[in-house]
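One structure is given here, and the rest of the page talks about it.
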Amino acid sequence: MEYSNRENINLIEKTKEHAELIAAIVAGFFILLAWRLDSSDQTTASVLLYIIAFCVGGFAKAKEGIEETLADKKLNVELLMVLAAIGSAAIGYWTEGAILIFIFAVSGALETYAMNKSHREISALMNLQPEEAWLVRGGFEPMKVAVTTLTIGDHLLIKPGERVPADGVIFKGQSSIDESAISGEPLPVAKHEGDEVFAGTVNLNGAITMEMTKPNSETLFQKIISLVQSAQSEKSPSQQFIEKFEGTYVKFVLLTVALMMFLPHFLLGWDWTTTFYRAMVLLVVASPCALVAAIMPATLATISNGAKNGVLFKGGLHLEHLSVLRALAVDKTGTLTQGKPVVTDFIVREGLDRNTTMCILASIEAQSNHPLAQAITSYAKAEGITHFAQTTIEDIPGWGIKGFVNETEYLVGKPDFVGIEEAHAFADGAAALLAAEGKTVIFIRDNEGIVALTALKDTVRTEAKKAITLLKELGIHVVMLTGDNEKTAKVIAKEAGVNDYVAECLPETKVTEMKRLLHQHKYVGMVGDGINDAPALATATTGIAMGEGTDVALETADVVLMKNDLSKIAYAVRLSRKMQRIVKQNIIFSIGIIILLIASNFLQVVDLPMGVIGHEGSTILVILNGLRMLNKNV
């Protein structure tokens, strides 16, 4: 019974969604029937059926036009169409008026489809979040509960093939997670204990237990849904202009039609029937339906396309800005680079065992939380060193670490701390060569002198190099902003392939650089992690946040990349440029058709049926052209 009720509800919802199309089809059936009756000289019956077709096909648009006119206190194209259909019927052109209503209803249904297509993407996202979860408490068997009853700290079991019900951290187990619903990336991501998992993603193989870290209302998934819904309701400057223009234009058309109802009779010698007929044709062909539909369907389709591919636009305005982007400022750490230093070189004093020395250094560094210390410890583990010596350390802030291993004192840190002259002379001056390559050099010394040096570097992402190439091919000037020193910045900039770089940037320096770039290029984007780059992101024409879907990234920028993949920026730029091309095509085409039809009407070479087909056909073509933005290939 419950399943049957659910099916009935779904059927009702689908019927409501396609109500305009169903009404148009029904109206078309009545028009066809009326035309057959009219052909058999059954005039009264045919007129009655035409009136029914008018009411069925035109009800939705007439209701929409009247409500919008009362609410906004301005005329709109829907009223023009209704008036044109009534006017056609008034002079005996029932078939033409009915066809006008029919095609107008079809184009309206198509436009509604374009709107619903984008909204369905959000509904599909909402359906991806489970309504139930397996709650684990103590030693009891997991029990299925509603997701809405969960609280922070709850432990949840996720079986293979199930969706993650909430944001949290893996407490036990490991698995591969399909995060395509959030990031747009088809490849699964390996997850282990301590890794984050997000609501709506799919657990592919192993059973895992997670600890819930956010309430259901604040999950990343919910934030994405809210963000895209907000973007859909926000209108671009072009759309706002078209809508303002619509009201003024409709008044002008009505005034012109009113004049045309009698002036041609006196000035051009037309009879009254021709005069009124041409006025009705003008009312049809001069209506800016296609122009009004030139932007919004394309914009919604673009936002929908981006959301499916891990690029979130916060509105049509940012799509327009992105399409004319001329320069892009890129933060180095975590954007161009991995954001985590790795050991590239380890040189040991002659006569010492490499593994033993590395074990001593790693034993000291394992006691520290500094990123460089963690990188050295990870490197030692990768080299097979798993057992560290008993160590006591003393942290010397700003310099390094003093450690005691097997009653021997060691100093670990920069040259000034371990002895600058000995450090520079060690291994035939290797430190200077390594520093010239943009590497950070750490030394360890004992009572006899320098024991070893370790060189570390924040490596450039492989995909970042490809992305910079793609951006440059799009004619975008790429500038790297970094707080690193000049030498390191130069090396990283060359490796990444950026056009220019600015070293030793503080947050306020980045803002100054952004203003300089804005002065030079006018439309400038800024890519950052959404935290310390917030001032620069706000200054840029388009702020682009990268941060693996972090909350801060969602809240700060105009465009959000759900994965740390710079190539998505090139995709977003291409997407926005394609949208602008389609919008321009739509505007030029719709204005051109209006001018052509108006001129043809004055020359009396277009009749009402052709005017209806030309006008409504152009509207349908414009909407279909906008829907091309749903295509992933750009």
Side-chain angles (χ1 to χ4, degrees), residues 169-172 174 190-196 333-334 337-459 484-485 488:
V169 176
I170 294 179
F171 179 73
K172 185 173 71 175
Q174 60 184 32
K191 298 281 185 176
H192 305 85
E193 289 183 17
D195 288 341
E196 274 190 299
T333 307
T337 64
Q338 298 287 352
K340 296 176 182 178
V342 294
V343 174
T344 58
D345 302 87
F346 184 66
I347 302 174
V348 180
R349 187 169 70 202
E350 197 172 327
L352 294 181
D353 180 71
R354 188 177 190 276
N355 280 1
T356 303
T357 307
M358 187 185 295
C359 181
I360 293 170
L361 175 61
S363 299
I364 296 170
E365 297 285 28
Q367 311 299 313
S368 172
N369 289 322
H370 193 281
L372 296 179
Q374 291 178 346
I376 292 170
T377 306
S378 298
Y379 178 74
K381 289 178 180 178
E383 290 289 303
I385 298 172
T386 54
H387 299 289
F388 298 145
Q390 289 292 324
T391 310
T392 58
I393 69 164
E394 179 186 346
D395 191 21
I396 313 296
W399 294 94
I401 301 172
K402 183 185 290 185
F404 295 87
V405 181
N406 298 327
E407 299 182 357
T408 301
E409 181 182 271
Y410 293 92
L411 299 180
V412 180
K414 50 188 174 181
D416 293 349
F417 184 52
V418 299
I420 192 165
E421 290 184 6
E422 290 180 77
H424 286 163
F426 181 72
D428 297 324
L433 295 174
L434 293 168
E437 294 174 7
K439 298 173 181 177
T440 301
V441 182
I442 301 296
F443 295 88
I444 178 172
R445 73 163 293 158
D446 59 11
N447 297 329
E448 297 178 21
I450 304 297
V451 174
L453 71 75
T454 308
L456 303 97
K457 186 180 179 183
D458 189 1
T459 55
D484 282 341
N485 60 59
T488 302

Nearest heavy-atom pair of [X] and [Y]: which atoms, and what distance?
{"X": "Ala431", "Y": "Ala423", "value": "CB-O, 4.2 Å"}
{"X": "Ile401", "Y": "Asp395", "value": "CG1-OD1, 4.1 Å"}
{"X": "Ala190", "Y": "Asp195", "value": "O-OD2, 4.2 Å"}
{"X": "Val405", "Y": "Ala389", "value": "CG1-CB, 3.8 Å"}
{"X": "Glu365", "Y": "Thr377", "value": "C-OG1, 3.7 Å"}
{"X": "Ala430", "Y": "Ile347", "value": "CB-CD1, 3.9 Å"}

Side-chain ([X]) to main-chain ([Y]) donor-acceptor, under 3.5 angstrom:
{"X": "Asp446", "Y": "Glu448", "answer": "yes"}
{"X": "Ser363", "Y": "Phe388", "answer": "no"}
{"X": "Asp416", "Y": "Gly419", "answer": "no"}

Taking side-chain hydrogen bond (donor to acceptor under 3.5 Å, both in side chains) as the definition, give me every residue that meets it alongside [X], ordered by chain and number, with sequence neighbours left out.
{"X": "Asp353", "answer": "Thr356"}
{"X": "Glu437", "answer": "Lys439"}
{"X": "Thr440", "answer": "none"}

Contact check, side chains of [X] and [Y], non-hydrogen atoms, under 4.5 Å:
{"X": "Ile444", "Y": "Ile364", "answer": "yes"}
{"X": "Val412", "Y": "Ile393", "answer": "no"}
{"X": "Arg349", "Y": "Ile450", "answer": "no"}

Contacts of Phe346 that satisfy side-chain contact (heavy atoms from CB on, under 4.5 Å) - sequence neighbours left out: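 Expected list: Val348, Arg354, Thr357, Met358, Leu361, Tyr379, Ala452, Thr454.
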
I need the Ile170 CD1 to Lys172 NZ distance, nearest 0.5 Å.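 These two atoms lie 12.5 Å from each other.
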
Residues two or more places apart in sequence or in another chain: which of them pass salt bridge (Lys or Arg N to Asp or Glu O under 4.0 Å) with Arg445?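 Here the qualifying residues are Glu422.
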
Any chance you could lay out the side-chain contact (heavy atoms from CB on, under 4.5 Å) test for Ile360 and Thr408, step after step, and finish with the verdict? CA-CA 10 Å; Ile360 293 170; Thr408 301; over 6 Å; no

Set of residues satisfying ring pair (Phe, Tyr, Trp, His ring centres under 6.0 Å) with respect to Phe171, sequence neighbours excluded: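 Phe171: ring pair (Phe, Tyr, Trp, His ring centres under 6.0 Å) contacts with His155.
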
